Engineer: 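The structure follows.
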Amino acid sequence: MESLHQLEIIIMLLAVVLALTTIAQRVHIPYPIFLVLGGLALGLVPGLPAVTLHPDLVFLVFLPPILWAAAYFTSWREFRQNLRPISLLAVGLVLATSAGVACVAHALLPGIGWAEAIALGAIVSPPDAVSATAIGKRLRIPRRIVTILEGESLVNDATALVLYRAAVGAAMSGSFALGHTLFEFVFAALAGVVIGIGVARLTRWALCVTEDGFTQIGVTLLAPYIAWVCGESVHASAVLACVSGGLYLRQSFSGAVAPATRLQARAVWDLLIFILNGVIFILIGLQLGTLRESVPPSQFGPVLIAGAWVSATAILVRLLWVPLAALIPRWVSAKLRQRDPMPPWSALFLISWTGMRGIVTLAAALALPVVTSTGRPFPFRSEIILISFTVILATLVLQGLSLPPIIRQMHLKEDDGLEQEETLAREHAATAALNRLDQVLVENWVGSEQVERVRVGYLQRLERFSRVSVGEETTSGSTTETVQRLQYETLTAERTALIDLRDNGTISDEVLHRLEQELDVAALHLGIGERRLGRSRV
């Protein structure tokens with residue numbers, strides 16, 4: 001009966017997620033914020049059963065596919081080009097925020113030790129990948145800013161969790177070893193990346209040797225969990241394992257599966273990530289009822305005030321760090337006579353203000369040990385959890401709700417770089433298809449009349465490539481086996497040309513995603529959607 005009761009709660013939460021998401025779209029509020037507020041309101045309704053969020057559930061069930069998908073849709077070219085700002089935010093800012101929050105917490109909470117204060121700082125320091133992806137992409141933010149924010153949120157968890165483990169270990173044992181912590185950080189990062197790439201290579205091999213589409217989709221769903229479990233089992237960064245795995249698999253996924261499978265996988269993954277994001281954000285709001293009972297009523301108000309100060313500290317440190325992290329490297333470059341133009345201040349402020357915390361912060365707080373190694377209760381555990389929840393609400397709701405009007409007031413310049421790359425890619429793909437038609441004539445396995453019919457369509461597209469989708473139908477509807485093979489050859493040539501442009505950095509992964517989907521739809525329409533198109537590199 002208990003399992004049936006939990007199933008009823010899950011069904012109710014899914015129904016509430018769908019309803020609140022629909023309302024959020026109509027009132028033009030980012031749905032993660034609306035879901036948190038909805039969960040907060042539900043948590044205050046008397047008589048409703050309390051929903052407790054177990055940290056292991058978050059770390060093992062929710063985070064792996066979300067991180068993998070976020071990395072998969074991150075352009076490796078943009079990530080590599082912005083590695084310096086991403087590193088300064090993901091490592092430097094996490095350490096700076098942890099130090100600032102620890103000092104404030106040590107001053108506001110009488111009796112708290114430095115180990116517990118640093119643990120609190122590590123918990124609230126990393127902006128969340130889920131929040132950044134779910135909110136940032138739905139606003140008209142320039143592409144480079146989105147890349148930096150997503151890259152930061154994908155990597156910063158590794159820094160924060162290593163520092164968190166070191167601080168918790170010091171609180172448990174009463175000692176702290178700096179050398180061991182540095183070694184653990186380097187090992188966790190390197191081992192996590194190696195595990196992620198290894199799992200991605202194994203996944204690619206499994207996709208290439210498997211023909212059934214549903215099996216291939218199942219392999220992609222299983223991969224992030226394998227990367228996470230392997231990372232955790234050797235005390236590596238499971239976060240970096242999922243991030244590196246998603247980034248690596250994207251580079252070879254185009255030729256590993258058939259167009260129909262890729263379209264189905266995209267639909268399955270979109271639905272899965274939507275459901276996971278929705279449930280996560282509403283669960284964040286529902287935690288208030290449980291957290292309120294964990295702190296004595298006389299201390300609830302002071303702890304909330306401390307949470308407000310900690311939230312302000314986290315926001316202020318980010319507002320100060322981002323401009324300094326942009327100025328200092330460029331000042332050094334100027335001394336070395338290297339030109340490195342300063343980004344606009346509007347972009348720096350937007351990056352500074354977009355620092356929403358989310359599910360990783362709450363899960364790390366809930367994962368604090370209940371007792372120390374001596375059997376005593378973990379110091380200030382309830383207070384740390386409630387302060388972490390306050391920081392989530394303050395950053396997610398305050399900063400998240402203020403982003404749309406701030407962006408409108410900034411009048412940010414439209415970023416047309418992707419459109420220019422897409423135009424170039426369309427022309428290049430059509431040219432590659434025409435070249436393949438010339439080779440077909442030389443090979444002499446099809447009549448010149450059929451080749452010319454297809455050629456006319458591509459020539460017409462070259463004249464208007466900026467307005468016509470790649471992969472549109474180019475024949476009058478003949479479905480003979482010979483024509484289908486000809487269509488297969490031209491679509492393969494287009495896909496290979498697009499992959500080459502991505503590999504040499506001419507176009508981003510985002511452009512490849514967009515045009516590849518058009519090629520997949522065209523292949524499905526032409527009756528060759530079950531055949532792999534493009535290069536398959538095992």
Side-chain angles (χ1 to χ4, degrees), residues 2-3 6-7 9-10 13-14 17 32 51-72 119 122-123 126 128-131 133-134 153-165 168 184 188-189 191-200 202-203 217-247 249 268-269 271-284 286-287 290 357-370 385 388-389 392:
E2 180 67 23
S3 60
Q6 293 177 352
L7 179 60
I9 293 176
I10 294 174
L13 287 179
L14 290 176
V17 166
V51 180
T52 304
L53 187 61
H54 198 281
D56 291 339
L57 179 70
V58 175
F59 282 131
L60 183 58
V61 176
F62 287 91
L63 280 184
I66 290 175
L67 290 171
W68 188 281
Y72 179 88
I123 288 171
D128 194 51
V130 179
S131 304
T133 302
S153 61
L154 287 173
V155 180
N156 58 13
D157 291 338
T159 306
L161 290 179
V162 170
L163 182 61
Y164 165 81
R165 289 172 180 170
V168 170
E184 183 180 358
V193 172
V194 170
I195 289 173
I197 294 176
V199 171
L202 181 63
T203 303
I217 295 173
V219 169
T220 65
L221 293 175
L222 189 61
Y225 294 104
I226 294 176
W228 185 276
V229 171
C230 290
E232 286 290 310
S233 64
V234 299
H235 304 289
S237 173
V239 172
L240 287 182
C242 289
V243 170
S244 59
L247 282 171
L249 182 64
V268 170
W269 271 91
L271 178 61
L272 174 65
I273 299 304
F274 169 75
I275 292 176
L276 291 179
N277 281 343
V279 173
I280 278 178
F281 285 110
I282 200 168
L283 283 175
I284 289 177
L286 284 171
Q287 298 311 296
T290 304
R357 274 64 175 177
I359 193 62
V360 174
T361 293
L362 186 58
L366 293 174
L368 286 170
V370 178
I385 295 175
S388 302
F389 181 79
I392 293 173

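All residue numbers refer to positions in the sequence shown, counting from 1. What you see is a predicted model; the values in this text were computed from it and never measured.
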Engineer: State, with a plain yes or no, whether a side-chain heavy atom of Val155 is found less than 4.5 Å away from one of Leu240.
Structural biologist: yes
Engineer: Mark yes or no for whether Tyr164, through its side chain, and Ala364, through its backbone, hold a donor-acceptor pair below 3.5 Å.
Structural biologist: yes
Engineer: If you look at every heavy atom in Ala236 and Ala191, which pair is closest and at what distance?
Structural biologist: CB-CB, 3.5 Å
Engineer: Could you grab the distance from atom CG of Leu222 to atom OG1 of Thr203, nearest 0.5 Å is fine?
Structural biologist: 8.0 Å
Engineer: Start with the C-alpha gap between Val17 and Ile275, add the side-chain angles, then the distance that decides, and say whether side-chain contact (heavy atoms from CB on, under 4.5 Å) holds.
Structural biologist: CA-CA 8 Å; Val17 166; Ile275 292 176; over 6 Å; no
Engineer: Tell me, do Pro65 and Tyr225 make a side-chain contact under 4.5 Å, heavy atoms counted?
Structural biologist: yes
Engineer: Just verifying a value: how many Å separate Leu63 CG and Ile280 CD1, rounded to the nearest 0.5 Å?
Structural biologist: 6.0 Å
Engineer: For Leu67 and Trp228, run side-chain contact (heavy atoms from CB on, under 4.5 Å): C-alpha distance rounded to whole Å, both residues' side-chain angles, the deciding distance at 0.1 Å, then the answer.
Structural biologist: CA-CA 10 Å; Leu67 290 171; Trp228 185 276; 4.0 Å; yes
Engineer: With a 4.5 Å limit on heavy-atom distance, are the side chains of Trp269 and Trp68 in contact?
Structural biologist: yes
Engineer: Start with the C-alpha gap between Val243 and Asp157, add the side-chain angles, then the distance that decides, and say whether side-chain contact (heavy atoms from CB on, under 4.5 Å) holds.
Structural biologist: CA-CA 11 Å; Val243 170; Asp157 291 338; over 6 Å; no
Engineer: For the pair Thr361 (side chain) and Ile123 (backbone), establish whether a donor and an acceptor sit closer than 3.5 Å, ignoring hydrogens and angles.
Structural biologist: yes
Engineer: Going by heavy atoms in the side chains, are Phe62 and Asn277 under 4.5 Å from each other?
Structural biologist: no
Engineer: For a quick test of reading the model, state the closest non-hydrogen atom pair linking Leu247 to Ala71 and the distance between them.
Structural biologist: CD2-O, 3.3 Å
Engineer: With heavy-atom distances below 4.5 Å as the criterion, would you say the side chains of Leu13 and Leu286 are in contact?
Structural biologist: yes
Engineer: Using 0.5 Å steps for rounding, measure from the CG atom of Leu221 to the CD1 atom of Ile226.
Structural biologist: 11.0 Å
Engineer: Between atom CD1 of Ile273 and atom OH of Tyr72, what is the distance when rounded to the nearest 0.5 Å?
Structural biologist: 12.5 Å
Engineer: Distance from Ile392 atom CD1 to Leu362 atom CG, nearest 0.5 Å?
Structural biologist: 4.5 Å
